Amino acid sequence: MTNNNGTINQHCDVIVVGAGMAGLYLLHKLRSAGYSAIALETGDDVGGTWYWNRYPGARCDIESLDYSYSFDPDLEKEWQWSERYATQPEILRYLQFVADRYDLRRDIRFSTLVKQANWDEGAAQWNVTTATGDTFTGQYYVMATGCLSLPKEPDVPGVERFSGATYFTNAWPHEGVDFTGKRVAVIGTGSSGIQCIPLIAEQASQITVFQRTANYAAPANNGPVRAEHQQKLQADRDAYREAARGSRAGVPLPRGEEPFFTVEPEERERRLEAGFALGDLLTISSSFSDLVTNPEANNAVQEFFRNKVRAKISDPQTAEDLCAKDFPLFTKRLCLETNYFETFNLPHSKLVNLRRTPIKSITETGIDSTEESMEFDAIVFATGFDAMTGAIVAVDIRGCDGVELKDVWAEGPKSYLGLNVHGFPNFFTITGPGSPSVLSNMAVSIEQHVNWITTTLNHLRKEGLQTIEATYAAQEGWVTHVNDYADLTLYPVANSWYMGANVPGKPRVFLPYIGGVDTYRQVCNDVVEQDYLGFELSGSSGSHCNDGVVRFVKPDVQMVLDLIASLEQAPLESLPLEKARQQMEANTANRAPGPEVGEISDGTLPGPFCDLDYRLYRPTTEGPHSVVVYFHGGGWVLGHASSDDPFCRYLCVESNVLVISVNYRHAPEAPFPAAVDDAYAAVNWIAINAESLGGKSGSLAVAGWSAGGNLATVVCQMSQKQGGPKISGQLLVAPVTDCDFSTTSFSDNAEGYGLTRNLMQWFWNNYCAVSERNDPRASPLRAESLAGLPPAMVITAELDPLRDEGNAYAAAMQAAGVSVKHIQAPGQIHTSLTAVDTVNSANGVRKAMSDAVRIFSNYH
Ligand SMILES: Cc1cc2nc3c(=O)[nH]c(=O)nc-3n(C[C@H](O)[C@H](O)[C@H](O)COP(=O)(O)OP(=O)(O)OC[C@H]3O[C@@H](n4cnc5c(N)ncnc54)[C@H](O)[C@@H]3O)c2cc1C
């Protein structure tokens with residue numbers, strides 16, 4: 001409909017912004033599902049990225065065979081790529097071909113910039129306004145605006161003063177540029193700079209490249225489409241595409257299984273050389289499991305890349321300047337290059353290292369650096385994008401109660417799955433922040449999002465529902481999960497656009513999801529299967545919501561659980577005792593060792609029935625040290641003085657204390673109260689002999705994990721009752737404090753998180769007759785009074801059957817006036833709290849533990 005003032009007003013089911021790869025497929029999919037939809041696009045044709053970025057040398061860096069749509073086998077058969085990495089004109093032709101083939105242009109409004117989008121709660125629809133005042137209303141609003149579509153303003157002083165020609169790689173003139181005989185400056189050496197510099201150098205009489213940060217780059221080794229790839233695809237199209245969807249990065253490559261340093265040096269070198277020669281982004285990173293998590297491994301491969309540069313460049317200083325050194329490899333997108341480094345061997349090329357020689361200003365005729373004035377005919381800016389969030393918040397988007405998305409995202413984007421934002425019903429982002437997006441083959445990620453959104457709209461339609469909106473809890477949970485994953489990697493240390501670090505003032509937050517395309521797809525499917533977990537769905541007949549957090553186990557904890565599951569071991573409680581002990585022993589043998597301590601010595605001390613083994617961990621610092629008597633875990637049945645070795649080392653080093661891990665008699669051979677008697681005797685003996693062991697007299701704390709936590713606090717109760725040695729503090733890590741199996745944590749966490757209800761039952765049955773379990777020396781929570789106990793640090797794990805009894809014990813001690821610090825660690829399991837150097841997401845709580853022990857050692 002045309003208004004009186006000539007503006008347009010149109011209604012449809014779905015308003016889409018953007019007609020790039022995402023907008024095109026979405027339009028097709030929506031139409032096929034029977035929705036009316038319109039796409040609004042600033043450009044005057046389709047293509048998005050491939051419409052705007054027409055600079056010389058612009059190409060994809062994921063092989064074209066993979067970087068293309070897979071939704072229609074006929075389309076795939078009709079289009080043949082001429083090269084392994086197609087150029088921009090060919091990719092644009094492909095997207096134009098798609099638009100024509102599915103007759104999409106009739107529902108796209110070109111040369112239309114969307115300025116504003118408001119959610120009208122009463123009408124349950126979005127009102128969208130363009131720069132020319134046209135308005136569109138729709139039940140759903142989808143931003144298919146691209147992750148790399150809003151150019152970043154160049155932050156070089158004097159840009160406006162230059163009287164020569166200026167070009168931006170991301171808004172290149174359609175008619176092309178002839179640099180023949182021109183003196184050209186290029187500012188920026190990211191992917192676009194690296195692609196265009198060699199081709200500009202072929203024409204220019206002089207090329208000067210201004211580089212702030214050198215980037216890692218591998219040779220593209222472009223050529224015809226790889227025959228083996230083509231054959232694989234043609235042999236079984238579905239299997240090929242499915243392998244891509246089920247891969248880490250959306251390209252059919254297996255995930256690296258082996259840590260770098262576990263591979264023999266010659267084999268490591270062979271894999272690096274082969275990956276490098278192959279010329280692609282992902283082979284090297286997929287050759288090992290830990291290149292983005294282990295700094296040493298990353299360093300080794302960085303050096304491999306730097307040596308390749310050094311071998312290519314004749315001038316040693318230029319070579320060093322071109323070597324990336326400021327950030328870990330892969331934490332910025334690896335670039336693929338063709339003749340890039342060789343360009344700097346040409347007599348008419350020059351590299352200006354802005355770290356050494358910054359630009360003072362752009363002038364009327366060129367660029368003044370701190371060292372010289374240079375004259376140019378043209379300046380090319382390859383200065384990148386305000387990535388992932390820029391194009392979204394460039395539109396004034398207002399959700400419920402007029403709240404502006406820009407404000408909600410002021411400290412970094414918050415989104416559920418990178419698809420929807422709490423407070424913004426019926427609003428979707430394609431490849432939004434918090435989804436794999438730019439860390440993946442975007443063609444695969446775009447298709448997955450479009451399919452998910454369409455499936456969701458179909459569901460709403462089928463159920464007679466009008467709106468869908470992420471809940472606050474689900475969104476917070478997802479944001480935490482995205483950050484947890486990033487924090488396990490080296491990505492957050494780089495000043496990359498993944499971190500928003502290229503745009504002044506942009507919050508420093510890791511924007512995409514690093515868990516992988518495969519993992520992420522599973523998450524999205526799980527959400528649907530669990531009745532749209534974390535979404536509120538509403539219609540005229542009311543609303544319903546299965547609220548919750550879709551991934552609450554910490555990512556590294558999940559990896560450990562997956563590894564354990566892959567071993568397919570029989571449950572411990574199903575094994576004969578000796579076999580159970582052997583299995584536990586075998587499992588602990590492969591752990592990370594924990595930090596180096598000053599000295600480890602083994603000894604025995606007299607117990608009430610027999611000598612007890614102990615292992616002593618001494619710090620490197622000069623003694624005497626405060627003493628911590630430590631009791632190992634293992635359900636009173638398994639384990640020994642060195643079975644919690646990494647954790648004991650950790651406490652020794654981090655708290656600077658002498659840790660003495662004492663063995664005690666085990667059940668069922670020596671049932672309750674044997675372990676208690678031994679533990680109490682050990683503390684008494686150590687208190688008396690502290691000095692001769694190199695400890696401080698009168699400064700003794702106790703600590704224990706699991707059943708060891710039970711013994712540690714039982715010892716405190718006994719010592720207090722019987723006038724035993726003074727104990728300065730108790731560290732109780734996931735302790736057993738009661739024999740009650742009816743708690744919520746025992747039902748919620750009965751299985752699937754390492755320690756199971758059945759196993760715990762087996763431990764108790766071995767340890768203690770049912771008639772004796774009410775004894776506070778077995779169930780310390782049942783003590784008559786907890787008053788006067790030493791200060792305590794109690795750590796419980798959210799996903800532990802023992803969680804509630806640990807929490808109850810902390811609360812009971814607090815109620816009795818004991819000084820208690822208590823942390824319930826979210827997303828952790830019974831065994832992860834002490835998994836030093838394996839479960840890094842527990843580093844924070846571990847630090848709290850070691851701090852507490854340090855503080856205990858000051859109370860004496
Ligand atoms: C040089 C370059 C090379 C790349 N190479 C690869 C590669 O090899 N592999 C890969 O996976 N990815 C690559 N990418 C990422 C690439 O952006 C995606 O692969 C993909 O093209 C994104 O498609 P899209 O439709 O989501 O977004 P885009 O292609 O960015 O399209 C978004 C569209 O939305 C329009 N738009 C934005 N805001 C508004 C508004 N307010 N109003 C109206 N219209 C608006 C824009 O004009 C644009 O046309 C590359 C990116 C660049 C810049």
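Computed from a predicted model, the values in this text were never measured in an experiment. For ligands, and for the atoms within them, numbers begin at 1 and follow the listed sequence.
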Exercise for review: Flag the pair Phe97 / Trp79 as yes when their ring centroid distance falls below 6.0 Å, and as no otherwise.
Suggested key: yes
**Request:** Answer yes when Arg255 and Asp518 have at least one side-chain N-carboxylate O distance shorter than 4.0 Å, and no when they do not.
**Result:** yes
So the atoms of ligand 1 within less than 4.0 Å of a heavy atom of Leu40 turn out to be 43 (C), 44 (N)
(message) Taking the ring of Phe71 and the ring of His28, is the distance between their centroids below 6.0 Å?
(response) yes
Gly48 heavy atoms within 4.0 Å reach ligand 1 at atoms 28 (P), 29 (O), 31 (O), 48 (C), 49 (O)
Could you check, using the six-membered ring where one of them is a Trp, whether Tyr55 and Phe168 have ring centers closer than 6.0 angstrom? no
With heavy atoms and a 4.0 Å threshold, my read on which part of Ile446 contacts ligand 1 is side chain
The answer for which part of Ala144 has a heavy atom under 4.0 Å from ligand 1 is backbone
When rounded to the nearest 0.5 Å, the distance separating OG1 of Thr208 from CG of Leu351 is 9.5 Å
### Query
Are any of the N or O atoms of Met442 closer than 3.5 Å to those of ligand 1?
yes
In ligand 1, the atoms that come under 4.0 Å of a heavy atom of Asp61 are 6 (C), 7 (C), 8 (O), 9 (N)
Honestly, for Tyr25 the part within reach of ligand 1 (heavy atoms, under 4.0 Å) is neither
Answer yes if the side chains of Tyr35 and Asn458 hold a donor-acceptor pair under 3.5 Å, and no otherwise. yes
Tyr55 heavy atoms within 4.0 Å reach ligand 1 at atoms 1 (C)
The closest protein heavy-atom partner of atom 49 (O) of ligand 1 is Glu41 OE1, 2.7 Å
TODO: Evaluate whether atom CZ of Arg212 has more than 12 neighbouring non-hydrogen atoms of other residues, nucleotides or ligands under 6.0 angstrom away.
DONE: no
For Thr112, the ligand 1 atoms with a heavy-atom partner under 4.0 Å come out as 42 (N), 43 (C)
- prompt: So, are Glu83 and Arg59 salt-bridged, with charged N and O less than 4.0 Å apart?
  reply: yes
Ligand 1 to Gly18, heavy atom cutoff 4.0 Å, flagged ligand atoms 33 (C), 34 (O), 35 (C)
Report yes or no: do Arg248 and Ser286 form a side-chain donor-acceptor pair below 3.5 Å? yes
Heteroatom proximity flag, Ile62 to ligand 1, N/O under 3.5 Å: yes
message: For ligand 1, which is the ligand I care about here, please tell me if Thr431 has any N or O atom under 3.5 Å from one of the ligand's N or O atoms.
response: no
Query - Candidate pair Asp66 and His229, rule side chain to side chain contact (heavy atoms under 4.5 Å, CB included), full reasoning - result: CA-CA 9 Å; Asp66 299 313; His229 250 60; 3.6 Å; yes
Please work out whether the ring planes of Tyr513 and Tyr485 are parallel, tilted or perpendicular, with thresholds of 30° and 60°.
perpendicular
**Message:** Using a 3.5 Å cut-off on N or O atoms only, is Ala22 in polar contact with ligand 1?
**Reply:** yes
Note: Tyr85, heavy atoms under 4.0 Å from ligand 1, region reported as neither
Among Ala131, Gly146, Gly23, closest by heavy atom to atom 27 (O) of ligand 1 is Gly146
Judged by heavy atoms only, the candidate from Phe385, Phe110, Tyr67, Trp52 nearest atom 21 (O) of ligand 1 is Tyr67
Next on the checklist: Looking at Arg333 and Asp61, is any side-chain nitrogen of the basic one under 4.0 Å from a carboxylate oxygen of the acidic one?
Outcome noted: yes
Checklist entry - His174 vs Tyr51 aromatic rings, parallel, tilted or perpendicular, using cut-offs 30° and 60°? => result perpendicular
| said: Please check whether Asn53 reaches ligand 1 - meaning an N/O of the residue sits under 3.5 Å from an N/O of the ligand, judged on distance alone. | reply: no
Restricting to heavy atoms, the pick from Leu148, Asp396, Asp66, Val114 nearest atom 41 (N) of ligand 1 would be Val114
Going by the 4.0 angstrom heavy-atom rule, the piece of Ser440 near ligand 1 is backbone
Any non-hydrogen atom of Ala394 lying under 4.0 Å from ligand 1? no
* Please work out whether the ring planes of Tyr69 and Tyr25 are parallel, tilted or perpendicular, with thresholds of 30° and 60°. => tilted
among protein heavy atoms, the one nearest atom 38 (N) of ligand 1 is Thr145 CG2, 3.4 Å
Exactly one candidate in Lys77, Arg241, Arg101, Arg237 meets salt bridge (Lys or Arg N to Asp or Glu O under 4.0 Å) with Asp72; the answer is Arg101
(Q) Between ligand 1 and Ile430, can you find any atom pair, the residue atom being a heavy atom, that is separated by under 4.0 Å? (A) no
Honestly, for Tyr51 the part within reach of ligand 1 (heavy atoms, under 4.0 Å) is neither
Indicate whether the side chain of Glu76 and that of Ser70 have a donor and an acceptor atom separated by less than 3.5 Å. no
Taking only non-hydrogen atoms of Val17 and a 4.0 Å limit, the atoms of ligand 1 in range are 39 (C), 40 (C), 42 (N), 43 (C), 44 (N), 45 (C)
Heavy-atom proximity to atom 30 (O) of ligand 1, picking from Leu24, Val251, Thr49, points to Thr49
Ligand 1 to Met21, heavy atom cutoff 4.0 Å, flagged ligand atoms 23 (O), 25 (O)
Would you say ligand 1 has an N or O under 3.5 Å from any N or O of Cys60? no
